[in-house]
Amino acid sequence: MKAIRTLAVATLIVTSLSLAAKTHNIIDYGAVSDTTRLSTEALQRAIDACHAEGGGTVLVPAGAFKTGSVFLRSNINLHLEAGATLYGSTDIGDYTPVKTDYVSLRTHTPTIQLIYADKADHVSITGEGTIDGRGKAFPKLSWNDEGITRPHLLRFIDSRDIRIDGITLRNSGCWMQHYLACDRVKINGITVINRNNFNNDALDLDGCHDVTVTNMIADSDDDAITLKSTSPRLCEDIVISNCVVSSHCNAIKLGTETNGGFRNIIIRGIAVKPSADQSSQYFGFPGGHGHSAISLEIVDGGTMSNVEISDITIRGSESPIFIRLANRARAYSPDVPVENIGSISGISLHDILVDDAGPTGSSITGLEGHPVRDVELRNIRIRHRGGQKAVAAPADEKVAEYPEATMWGILPAQGFWLNHTEGITFDNVRVEAASPDEREIFVATDSPGLKINE
């Protein structure tokens, strides 16, 4: 028995020494806790040395370190201790333009980002530290300039087995975290504050498979929880739960880019609330309202099916629910034009409470000959500000315009306006106005199979 215990202790010591050997402290590679000096090369040396040994942990200790672009490799865990902060450089020259082989809407030209991984496996960023992009230093120069003049903070492309756990992400130059064509992504317990620039999304899952997002607290100027499909690859088999989010745009959004589409998506247990920071100069409505709490869109071809959104509480949204099938037809590549309108079907929204909504109303709209099909809305209560006179349905259907919940202004229904739908069911959906409102609760045109149950 003593021999067995001795062997076990020896094994533990060897294992501990092995693990210690695989931890690479960036201080040992020349990093300096001083935001006037760059530690980019030291960070990259630590990552590359760790990767050369077969992988392990790159440790960022307590301190304030400035860096430009760094590139993660397979089998690397970038771990930020409590009190550690990586600050992005405010000099655009410290960011390295890179171009991936993966073809999507935003990868035809080089892009810049603070932390980048392409075709990497088993990559993680963990700990109680912070990554701050200081993105306000990069002004928006044109409508579509987020590729090369404003850095993303995290960008993972065509990678697998990604874990982001516990960290705080702040102040990206553009999108905070973009996962493009990645598989098996686990995001848990992170805090995201992104309110300092245009296109300040909190989370973008783009053509990803097998993803879980849990326990995220996010406050973003632009969209918060965002699923996209900027290539033919669908967003598929995704569960997002137990999060608190604020957005001046859309709190939960599938779209706008939809070339592949969305399938098997579960979003549940989300609290949507106004941001405590109402100083934004970019988006938003009076009272801190965002455009929409839930936006489900197919506008660039693609399909949306098997989507369930439930157990949502919403406070402060101009147009709580927006479901839109249209034909913007933006291609992900000039060589592959969008030749189909796409489809939306098999959607379930249930157990949703909305308080202090704006007066705009919600909508479910398709196109003539291409209806939104088979949508169930159950156990939903909406309290809105009201105070509107009766208005006619919009004459212009805006078939090819950018989809936004407020695109038509005040809608003809204080609850839901339906146009070009089929087989929509409302079950125990209640709409209450704080001030008298002349509009009907439901207004439907070209919507066969509509069921409204008390």
Side-chain angles (χ1 to χ4, degrees), residues 106 135-136 140 143-146 150 152-153 169-178 192-206 213 216-230 235 240 243-258 262 267 270-300 309 312-324 326 328 330 354 356-363 398 401-409 411:
R106 290 181 174 85
K136 190 168 284 189
K140 186 176 178 68
W143 175 248
N144 190 30
D145 71 340
E146 65 265 26
R150 292 183 293 135
H152 296 78
L153 194 130
L169 305 174
R170 303 181 67 92
N171 303 323
S172 179
C174 191
W175 293 355
M176 178 62 77
Q177 41 184 339
H178 183 202
V192 179
I193 309 297
N194 206 23
R195 306 190 60 84
N196 69 136
N197 212 331
F198 286 92
N199 306 103
N200 267 182
D201 291 6
L203 168 68
D204 292 276
L205 302 171
D206 186 349
V213 179
M216 178 177 72
I217 297 175
D219 191 343
S220 60
D221 235 19
D222 212 319
D223 302 328
I225 296 171
T226 317
L227 278 60
K228 295 180 176 291
S229 182
T230 65
C235 263
I240 300 173
C243 300
V244 179
V245 300
S246 303
S247 169
H248 275 168
C249 279
N250 304 282
I252 300 168
K253 181 177 181 179
L254 277 60
T256 300
E257 297 84 359
T258 67
F262 314 93
I267 301 175
I270 310 296
V272 177
K273 68 182 185 70
S275 172
D277 178 6
Q278 293 303 320
S279 63
S280 169
Q281 58 182 303
Y282 306 115
F283 303 107
F285 284 81
H289 284 196
H291 286 247
S292 178
I294 300 170
S295 287
L296 308 179
E297 306 165 357
I298 289 287
V299 295
D300 301 323
I309 301 177
I312 312 294
T313 62
I314 300 163
R315 178 165 56 89
S317 177
E318 185 62 26
S319 176
I321 297 172
F322 175 69
I323 302 177
R324 176 65 169 159
R328 180 178 65 170
R330 184 163 70 177
V354 183
D356 189 31
T360 295
S362 296
S363 61
K398 301 186 177 183
E401 289 194 16
Y402 183 92
E404 194 71 85
T406 55
M407 62 194 297
W408 292 291
L411 294 172

Can a side-chain donor-acceptor contact be found between D221 and H248 if the only test is distance below 3.5 angstrom?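 Distance-only check passes for H248 and D221.
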Indicate yes or no for a side-chain donor-acceptor contact from [X] to the backbone of [Y] under 3.5 Å, with no hydrogens or angles considered.
X    : Y    : result
N197 : G173 : yes
R150 : F198 : yes
S172 : H152 : no
R195 : S220 : yes
S362 : F322 : no
T226 : K253 : no

For R330, all residues meeting salt bridge (charged side-chain N to carboxylate O under 4.0 Å, His left out), sequence neighbours excluded: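 Applying salt bridge (charged side-chain N to carboxylate O under 4.0 Å, His left out) to R330 gives E257.
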Which residues share a salt bridge (charged side-chain N to carboxylate O under 4.0 Å, His left out) with R170, sequence neighbours left out: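 None.
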To the nearest 0.5 angstrom, please state how far the NE2 atom of H178 sits from the OG1 atom of T230.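 Reported value, rounded in 0.5 Å steps: 5.0 Å.
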Applying side chain to side chain contact (heavy atoms under 4.5 Å, CB included) to K228 and D201, what does each step give before you reach the verdict? CA-CA 12 Å; K228 295 180 176 291; D201 291 6; 4.1 Å; yes
Using side-chain contact (heavy atoms from CB on, under 4.5 Å) as the criterion, point out the one residue from V354, N250, V245 that pairs with V272.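 Considering V354, N250, V245, a side-chain contact (heavy atoms from CB on, under 4.5 Å) with V272 is found only for V245.
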